Amino acid sequence: MNPNATIRDQGVLDRLDAWLFVGRGGALALSLAFLGFALLHPDVFLDDEGLLPFEFYRHVLDEPWAFLFQVKAKPVLEILYAVPSWFGFPAYLAMHALVGAVGVFLASEAARQLRIARPNLAGWTVALSAVYAVSVANGTPNADGLVFFAAFLALYASGRWRAAGILLGMLPLVRHELGTVVLVFAAWDFLRHRRIGFWLAIAAFPVLYVLAGAWFHQDLLWVRSTWVDTAQLPLASRYWTVMPLSEVYRYQAWSFLNNAPPLALGALVGAVAAWKSRDRDLLVLVAIILLTFVLFTLMQSGLVPNNVDAKIRSSLLLLLPIAIVAARGLSLNALGGRVLSARSMRIAPVVLRLVLVVAALAGFVGSVRNPFQIIGRQHAETHQLMDALRDRGLYTGQPLYSDLQTVRHDRCAGIRIEQGYLLANHSMVWEMERGTSVRTGQREAVLGAMERSRFLFRPERHVVRRDALYVIHRHGRTESWRRVVEAEGPERVEVGKWDVFFWR
């Protein structure tokens, strides 16, 4: 064996390892590659979880106060996405892809500030999470929660605690479940630093928001008055159920299998390494992982009031801390053990990291090609439904009224989206009524704006159009619309789980 060739090979591996997993250049390149993926795949992953937030964001510029002072609408995200959403759904998805790509970079940056030897491994773990990639591409706001969490962590670990505190206080107004992160870090900072100023920074944005909302609602307790607790949703209108423990663990397994498992397994090594070295910053992240896992299990099994459904997008709350702890574990160079030569001990960890990235990439490709475990079959079912309607001669491009939530956006299914009207089901109406105030005119402003964009909430005001096609899901949530349409004596045809109403 030529020793010079071996040295050259080792040098190439070391440089590749440094660029991919250490330097900011590699982190930026990974983020740009992720951005390209997200921009190219919006239609494939079309799903109501990304569509419904957009319905709020798109009207912020029309009725700013009415929309901003709905807690359910996530005011921080409304501010972030108001302008691109005003230009339409494609512009919103493009902005969401950009924010998601920034999140990949911030995951690496947070690990860098936490002194992880190969911080970009955290970015790789996030980028190769099929759950994150699909959520970014289709506009699901759970991905935004990870981005804001990563931004906070990067600021906090770099010592910019005032800015970090302000951002930490925003997290529950990005995703409510991030309240767990707020509680853990508020307690941790107090125990470690006794910084009352950090708590004041955390409180700054929520207090200002609540006081401004009190002025708008003329009610100091407006958050409580307009809080939407979907655990109180009538059973006939629910889209989620309490899971037996076996289903909860199946959910956790599928979440892991779609969250870059070859890389994420490194979190086990990272947790042990953090414990042995008494790395308290990483142990806090381990605590968040364990606490969140327990909380999700209790909520999904019904042991505490919950509104967590079976879609695995919720697992993104765990992804960032897992990614950073995994980066710690995979950064170790002592993976070869004593049985290897000195040269092999230098090469083996590099090769192992590359192999794990390739394995995670292969799993990622498989998951995004068959994303049903992540988003269900909504997009595929839309195509099947529209194909069936065209085959029977029922749909020829006329106005289309449906509770199918993709009816105004799924152009690739052959829908004339400018002629599509969404009929809000009972759970949507129920949430809107509880989340808005009548006295201040908020409800009328919100519903009026949404109805102008063909999202209809009030069947009692609807004038049935005989030149249109009505496609309504057979479910208790759509009974109010069904009664209004059937009163006009239409013909009815069953297509799968849908009733199709029309007039000759």
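Side chains included, hydrogens not; waters and symmetry mates left out as well; all remaining heavy atoms used. Computed from a prediction, not measured in an experiment: that's the story for all the values here.
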Run the salt bridge (Lys or Arg N to Asp or Glu O under 4.0 Å) check on Arg408 and Glu55 step by step: do they pass?
CA-CA 11 Å; Arg408 292 171 306 142; Glu55 304 297 349; 2.3 Å; yes
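With Tyr92 as the fixed residue, the ring-ring contact (aromatic ring centres under 6.0 Å, His included) test singles out one of Phe56, Phe87, Phe54: Phe54. Partner of Phe198 under the ring-ring contact (aromatic ring centres under 6.0 Å, His included) criterion, out of Phe190, Phe185, Tyr156: Tyr156 alone. A side chain to side chain contact (heavy atoms under 4.5 Å, CB included) with Pro321 is found for exactly one of Val286, Leu290, Leu282, Leu285, namely Leu285.
Listed for the Asp48 side chain is no donor-acceptor partner under 3.5 Å among the backbone atoms of Thr406. For Arg194 (side chain) and Leu191 (main-chain N/O), a donor-acceptor pair under 3.5 Å exists by modelled atom type. Counting only distance, with no hydrogens or angles, the side chain of Lys276 and the backbone of Ala274 share no donor-acceptor pair below 3.5 Å. Of the possible polar contacts, one joining the Ser402 side chain to the Leu404 backbone as a donor-acceptor pair under 3.5 Å is found.
Proximity of Val181 to Phe148: side-chain heavy atoms (C-beta onward) are nowhere separated by under 4.5 Å. Side-chain contact between Pro141 and Arg175 is present, with at least one heavy-atom pair separated by less than 4.5 Å. For the pair Lys497/Glu381, a side-chain contact is recorded, criterion being any heavy-atom separation below 4.5 Å from C-beta on. For the pair Val60/Tyr81, no side-chain contact is recorded, criterion being any heavy-atom separation below 4.5 Å from C-beta on. For the pair Leu51/Leu422, no side-chain contact is recorded, criterion being any heavy-atom separation below 4.5 Å from C-beta on. You'll find the side chain of Val351 stays beyond 4.5 Å of the side chain of Leu354, heavy atoms only. Looking at heavy atoms from C-beta onward, Val136 lies out of side-chain contact with Val147 at the 4.5 angstrom threshold. Side chains of Arg112 and Ser158 form no contact here, defined as non-hydrogen atoms less than 4.5 Å apart.
Thr180 and Thr292 are not linked by any side-chain donor-acceptor pair at a separation below 3.5 angstrom, with hydrogens and angles left out of the test. For Ser453 and His59, the side-chain atoms include at least one donor-acceptor pair closer than 3.5 Å. There is no side-chain donor-acceptor pair under 3.5 Å between Asn138 and His96. His379 and Asp410 share a side-chain donor-acceptor pair at under 3.5 Å. Side chains of Asn425 and Ser427: a donor-acceptor N/O pair is present below 3.5 angstrom, by distance only.
Rounding to the nearest 0.5 angstrom, the gap separating the CG atom in Leu263 from the OG1 atom in Thr125 is 4.5 Å.
When all heavy atoms of Leu93 and Gly139 are compared, the closest pair comes out as CD2-N, 3.8 Å. Across every non-hydrogen atom of Ala130 and Ser367, the tightest pair is CB-CB, 3.4 Å. Scanning both residues, Ala273 and Leu332, for their nearest heavy atoms gives CB-CD1, 4.4 Å. Of all heavy-atom pairs between Ala413 and Thr382, the closest is CB-CG2, 4.0 Å.
By the ring pair (Phe, Tyr, Trp, His ring centres under 6.0 Å) test, Phe149 is found to be paired with no residue, residues two or more places apart in sequence or in another chain being considered.
A salt bridge is defined here as a Lys NZ or Arg NE, NH1 or NH2 lying under 4.0 Å from an Asp or Glu carboxylate O, and Arg454 with Glu418 fails to meet this definition. Using a cut-off of 4.0 Å between Lys/Arg side-chain N and Asp/Glu carboxylate O, Asp17 and Arg353 are scored as salt-bridged. Salt-bridge formation is detected for the pair Asp281/Arg115: a Lys NZ or Arg NE/NH1/NH2 atom is positioned less than 4.0 Å from an Asp or Glu carboxylate oxygen.
Ring centroid separation for the pair Trp188 and His193 does not come in under the 6.0 Å cut-off. Ring-centre distance between Phe364 and Tyr132: not below the 6.0 Å cut-off.
The local environment of CZ in Arg369 is sparse, with at most 12 non-hydrogen atoms from other residues, nucleotides or ligands closer than 6.0 Å.
Ring planes of Phe205 and Tyr209: parallel class, angle under 30° (limits at 30 and 60°). Below 30°, between 30° and 60°, or above 60°: for Trp124 and Phe21 the angle between ring planes is above 60°, a perpendicular geometry.
A cation-pi arrangement is absent between Arg195 and Trp199, since the terminal nitrogen or guanidinium carbon is not both under 6.0 Å from the aromatic centre and inside a 45° cone about the axis.
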